[in-house]
Amino acid sequence: MTIPPRSKGTPLPRSQLEAEYIVCGRTDMRKGIRGLTALVQQNYQMDPTDSSLSLFCGKSRSQLKALLWEPDGFILLSKQLSNSRYWKS
């Protein structure tokens, strides 16, 4: 799938994502773009540049990271909850 060019600062429409993946298990949240792309390639045999969104969660379940490829590079988003968790175990 080819993503058409867009204006700077314009978010990628969700309809242009090929897929959305929630990575199960505990992810080392110290990992950055290189570490998370390596995890996607090695553990799941997937191409991190295929316009898919990958979501990662740490051991405490209070932090999420999202990895997304755009034509000009990766976006890494991080959300840290201050007083709660995303889900109970």
Side-chain angles (χ1 to χ4, degrees):
M1 175 175 155
T2 303
I3 298 174
R6 60 189 201 286
S7 305
K8 187 175 183 177
T10 305
L12 182 70
R14 189 168 182 219
S15 63
Q16 291 184 357
L17 291 175
E18 288 187 14
E20 298 163 6
Y21 299 103
I22 298 175
V23 178
C24 297
R26 298 174 180 162
T27 302
D28 181 353
M29 299 310 276
R30 297 173 293 179
K31 292 182 187 280
I33 291 172
R34 288 188 179 133
L36 294 174
T37 56
L39 188 139
V40 168
Q41 290 173 321
Q42 295 168 5
N43 293 10
Y44 302 99
Q45 292 74 44
M46 295 170 38
D47 180 6
T49 63
D50 70 355
S51 299
S52 296
L53 177 72
S54 298
L55 292 173
F56 305 88
C57 185
K59 180 180 178 180
S60 69
R61 298 181 315 276
S62 64
Q63 183 178 14
L64 289 177
K65 284 192 176 181
L67 183 67
L68 174 67
W69 170 257
E70 289 194 328
D72 59 347
F74 282 102
I75 295 175
L76 180 63
L77 303 169
S78 179
K79 172 73 176 193
Q80 175 80 42
L81 296 177
S82 55
N83 295 319
S84 61
R85 295 192 168 137
Y86 283 101
W87 59 84
K88 296 179 182 180
S89 55

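Side chains of Val40 and Tyr21 form no contact here, defined as non-hydrogen atoms less than 4.5 Å apart. Within the 4.5 Å cutoff, the side chain of Glu20 has no heavy atoms near those of the Leu55 side chain. Phe74 is listed as a side-chain neighbour of Pro48, based on a closest heavy-atom distance under 4.5 Å.
In terms of the side-chain hydrogen bond (donor to acceptor under 3.5 Å, both in side chains) criterion, residue partners of Ser52 (sequence neighbours excluded) are, by chain and number, Asp50. Shown here are the side-chain hydrogen bond (donor to acceptor under 3.5 Å, both in side chains) partners of Gln41, two or more places apart in sequence or in another chain: there are none.
Applying the side-chain hydrogen bond (donor to acceptor under 3.5 Å, both in side chains) definition to pairs two or more places apart or across chains, those involving residues 26-39 are Asp28-Arg30.
In terms of heavy atoms, Met29 sits closest to Leu64 at CE-C, 3.8 Å. Here the closest non-hydrogen pair linking Gln80 and Ser62 is NE2-OG, 3.1 Å.
Residue Trp69 is grouped with residue Tyr44 when hydrophobic side chains (ILVMFWY) are merged at heavy-atom distances under 4.5 angstrom, including chains of intermediate members.
Here the CG atom belonging to Leu68 is positioned 7.5 Å from the OG atom belonging to Ser51, to the nearest 0.5 angstrom.
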